Amino acid sequence: MERRRVYIETHGCQMNVADTERAATRLRAAGYELTDRPEEADVVLLNTCSVREKAEQKVYTRVGEVRRLARRPLVGVMGCVAQLEGEALFERAPGIRLVVGTRATDRLPVLIERAQTARRAVDLGDRQEGERWDVSPVERHSPYVAFVPIIEGCNKFCSYCIVPFSRGRERSRAAREIIAEVERLGELGYREVHMLGQNVNSWRPRTESERAGLESFAGATPFSRLLRAVAATGMRRIKFTTSFPRDFHPDIVTAIDEHENLCNWVHLPVQAGSDRILRLMRRGYTRRDYMERVAAIRRARRPIALTSDIIIGFPTETRAEFEETLSLVRECEFDGLYIFKYSERPGTRAASMADDVSPEEKRERFLQLEEVQREIQRRRLGALVGQELEVLVEGTSAKSAEHLTGHSTCNRVVNFAGDGRLCGRIVRVRITEAKEHSLWGEVVAEVA
């Protein structure tokens, strides 16, 4: 009997990528075949994002496109949109037959069977005891870089954010599980891991025995002790994202300075430069608090790249308050910045506020901030010309088939000439040119 084929399309954050890897692992173990061609699939699963309105609307467009495929596959929606909309998805897009919440990934094989026999299936329940984050190397998005979720969910309830509703409350993985996974990845030849969480530095031990197990590692917070424990596995490169400013302790910077394999990059979303807007956003810190954390990062022994997120046009944001955001960006000099126009998410506190910044004004502010950041980025990337960076070679460059590409320890994209045998290797690259979002250089040595 021919095995049924499943195609999974992933939208959104790295946590969604990790969820897809986990789903694919469970499906293959249950006898399904994974395909990267939707037109060949018997089942098409859309792993969705609901952080922005545009991302959510894209789901319905894709459902319509998938339904027009000649094979007429069973269509399912996973992820954040599924968790939030639930059974309402069946009415909004009649072609959907399967709705799988963010914590029901492991139950996908059973749910697909149910949808095929009962015409529809939905599961928005919590993870069950015994369900683990095990992911087969075959399903990893890269043979060299692995995502390792350490905490899921969010307890912060920022007024604009839907994540606490789509991902649920914070739930940390056991430290021993995390460390064992990183050790296993090292044995399999992975060179880099990304420790993931909506608020990665909010990680906490789940039991007193777990807490005691980390006591041999120095640290002012549970997360900084976990960082040192993961560094002790010997994994060549360790990155973590996303950090929440309120929970970002200076000891995290100390840990990075102590351990060369803790990479010199921090993503620390600020969202706004005005204290009034930060209060309306319910971020739990002030501009001064944020700048103190930036100062700690800038005092590090080795340069740490700093990236951030900004929301433009939050309800009631005045032009003067936007200017405060501009001044913060100029002061911080971020190495990279993700800029978003505010869009209302139903169910959040901000949805009850008047969205009174016009689309035209949002666009103007967006372009102005983008230009300020472009100049900062041009200057900071240009300062790296002539320097040497360690780069993990990840594959062929999207810009040129004759070049390879990878990320530095400070998470910058670096392109350079070389052949495929270097893939998976760590090389030292002398930077010869800085472009708008990436660096170009030449290999001077193989490191490992």
Side-chain angles (χ1 to χ4, degrees), residues 8-25 45-52 55-56 58-59 78-83 101-103 105 127 133-137 139-154 156 161-164 166-168 170-173 177-178 181-182 185 190-203 223 226-227 230 235 237-244 247-248 262-263 265-269 305-309 335-340 392 394-395 398 405-413 437:
I8 308 178
E9 184 172 289
T10 309
H11 302 268
C13 67
Q14 292 171 320
M15 189 65 85
N16 271 17
V17 175
D19 283 344
T20 290
E21 292 174 347
R22 181 173 177 167
T25 298
L45 301 173
L46 304 177
N47 193 358
T48 60
C49 172
S50 61
V51 169
R52 290 187 293 162
E56 185 171 328
K58 188 174 182 179
V59 176
M78 300 168 52
C80 295
V81 173
Q83 189 70 43
T102 53
R103 299 179 294 280
T105 319
R127 297 206 189 280
W133 273 103
D134 296 345
V135 173
S136 164
E139 314 306 344
R140 297 274 182 187
H141 73 285
S142 164
Y144 320 118
V145 180
F147 291 156
V148 179
I150 69 166
I151 181 173
E152 60 180 337
C154 181
K156 300 298 187 286
C161 186
I162 201 70
V163 168
S166 63
R167 287 280 178 179
E170 289 176 359
R171 181 178 173 85
S172 297
R173 284 181 73 192
E177 231 181 81
I178 296 164
E181 182 173 358
V182 174
L185 289 165
Y190 285 83
R191 316 307 301 277
E192 179 176 300
V193 297
H194 287 227
M195 298 164 65
L196 298 183
Q198 269 73 35
N199 302 306
V200 72
N201 51 349
S202 303
W203 180 90
F223 178 66
L226 179 67
L227 277 180
V230 173
M235 173 58 64
R237 291 163 45 137
I238 300 158
K239 296 176 180 176
F240 56 91
T241 190
T242 294
S243 294
F244 192 80
D247 294 340
F248 191 89
L262 293 178
C263 289
W265 165 57
V266 170
H267 185 66
L268 195 67
L306 177 63
T307 58
S308 193
D309 299 344
D335 295 277
L337 186 62
Y338 298 93
I339 309 170
F340 305 94
L392 172 59
E394 296 169 48
T405 191
H407 284 82
S408 63
T409 57
C410 52
N411 212 46
R412 291 180 171 97
V413 176
H437 298 292

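Small disclaimer: the values here were computed from a predicted structure and weren't measured.
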Enquirer: For Glu394, enumerate each residue passing the salt bridge (charged side-chain N to carboxylate O under 4.0 Å, His left out) test, keeping only those at least two apart in sequence or located in another chain.
Expert: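 Expected list: none.
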Enquirer: Flag the pair His141 / Glu21 as yes when at least one side-chain heavy-atom distance between them is below 4.5 Å, and no otherwise.
Expert: yes
Enquirer: Using a strict cut-off of less than 4.0 Å between a Lys/Arg side-chain nitrogen and an Asp/Glu carboxylate oxygen, indicate whether Glu152 and Arg103 qualify as a salt bridge.
Expert: no
Enquirer: Could you check whether any side-chain heavy atom of Tyr338 comes within less than 4.5 Å of a side-chain heavy atom of Pro269, counting everything from C-beta outward?
Expert: no
Enquirer: Atom CG in Leu45, atom CE in Met78: separation rounded to 0.5 Å?
Expert: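 Here the rounded value is 6.0 Å.
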Enquirer: Is Cys154 close to Pro164 at the side-chain level, that is, under 4.5 Å between some pair of heavy atoms?
Expert: yes
Enquirer: Can you find a pair of side-chain heavy atoms, one from Leu268 and one from Phe248, that are under 4.5 Å apart?
Expert: yes
Enquirer: Can you tell me how far the CG atom of Leu226 sits from the CD1 atom of Ile178, to the nearest 0.5 Å?
Expert: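 Here the rounded value is 5.0 Å.
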Enquirer: Is there a donor-acceptor pair under 3.5 Å between the side chain of Asp335 and the backbone N or O of Thr307?
Expert: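 Not confirmed, Asp335 side chain does not pair with Thr307 backbone.
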Enquirer: With a 3.5 Å distance limit and no angle check, can you tell me whether Glu139 reaches the backbone of Thr25 through a side-chain donor-acceptor pair?
Expert: no
Enquirer: Give the minimum heavy-atom separation between Thr105 and Thr102, together with the two atoms involved.
Expert: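 Closest heavy-atom pair between Thr105 and Thr102: OG1-O, 3.7 Å.
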Enquirer: Are Glu170 and Lys156 within salt-bridge range, i.e. N to O under 4.0 Å?
Expert: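 Answer for the salt bridge query: yes.
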Enquirer: Is it true that Arg140 and Glu181 make a salt bridge, defined as a side-chain N closer than 4.0 Å to a carboxylate O?
Expert: yes
Enquirer: To the nearest 0.5 Å, what is the distance between OG on Ser243 and CG on Asn199?
Expert: 9.0 Å
Enquirer: Measure across Ala23 and Ile8 and return the closest heavy-atom pair with its distance rounded to 0.1 Å.
Expert: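 Shortest heavy-atom contact: CB-CD1, 4.3 Å.
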Enquirer: Contact between Met235 and Leu185 at the side-chain level, heavy atoms closer than 4.5 Å - yes or no?
Expert: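 Yes, their side chains come closer than 4.5 Å.
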Enquirer: Just to verify, what does His194 make a ring pair (Phe, Tyr, Trp, His ring centres under 6.0 Å) with, not counting sequence neighbours?
Expert: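 Partners of His194 by the ring pair (Phe, Tyr, Trp, His ring centres under 6.0 Å) criterion, ordered by chain and then number, come out as Phe147.
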Enquirer: Among Leu262, Asn411, Leu196, Val193, find the residue that satisfies the side chain to side chain contact (heavy atoms under 4.5 Å, CB included) test when tested with Lys239.
Expert: Asn411
Enquirer: What I'd like to find out is whether the side chain of His11 reaches to under 4.5 Å of the side chain of Val59, using heavy atoms alone.
Expert: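 Not touching, per the 4.5 Å side-chain cut-off.
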Enquirer: Within the structure provided, determine whether Ile151 and Ser202 are in side-chain contact (heavy-atom separation under 4.5 Å).
Expert: yes
Enquirer: For the pair Arg173 (side chain) and Pro149 (backbone), establish whether a donor and an acceptor sit closer than 3.5 Å, ignoring hydrogens and angles.
Expert: yes
Enquirer: Looking only at heavy atoms, what is the nearest atom pair of Cys49 and Gly12, with distance?
Expert: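 Taking every non-hydrogen atom into account, CB-CA, 3.7 Å.
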Enquirer: Could you grab the distance from atom OG1 of Thr20 to atom CD of Gln14, nearest 0.5 Å is fine?
Expert: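 Interatomic distance, Thr20 OG1 to Gln14 CD, rounded to 0.5 Å: 13.0 Å.
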Enquirer: Measuring from atom CG of Leu392 to atom OG of Ser408, what distance do you get when rounded to the nearest 0.5 angstrom?
Expert: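 OG of Ser408 is found 10.5 Å from CG of Leu392.
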Enquirer: Hey, could you give me the CD/OG distance between Glu177 and Ser172, rounded to the nearest 0.5 Å?
Expert: 11.5 Å
Enquirer: Side chain of Asn201, backbone of Asp247: donor and acceptor closer than 3.5 Å?
Expert: yes
Enquirer: Does CZ in Arg127 sit with more than 12 non-hydrogen atoms of other residues, nucleotides or ligands closer than 6.0 Å?
Expert: yes
Enquirer: Relative to each other, are the rings of His267 and Trp265 parallel, tilted or perpendicular (30° and 60° limits)?
Expert: tilted
Enquirer: Testing the basics here: between Val81 and Ser50, what is the closest heavy-atom pair and its distance to 0.1 Å?
Expert: CG2-CB, 4.0 Å
Enquirer: Taking atom types as modelled, find out whether Thr10 and Asn16 have a side-chain donor-acceptor pair closer than 3.5 angstrom.
Expert: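 Absent: no donor and acceptor within the cut-off.
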Enquirer: Less than 4.5 Å apart, any side-chain heavy atom of Thr242 and any of Gln198?
Expert: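 No. Closest side-chain heavy atoms not under 4.5 Å.
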Enquirer: At their closest point, which heavy atom of Tyr190 faces which heavy atom of Tyr144, and how far apart are they?
Expert: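 Reported closest heavy-atom pair: CD2-C, 3.6 Å.
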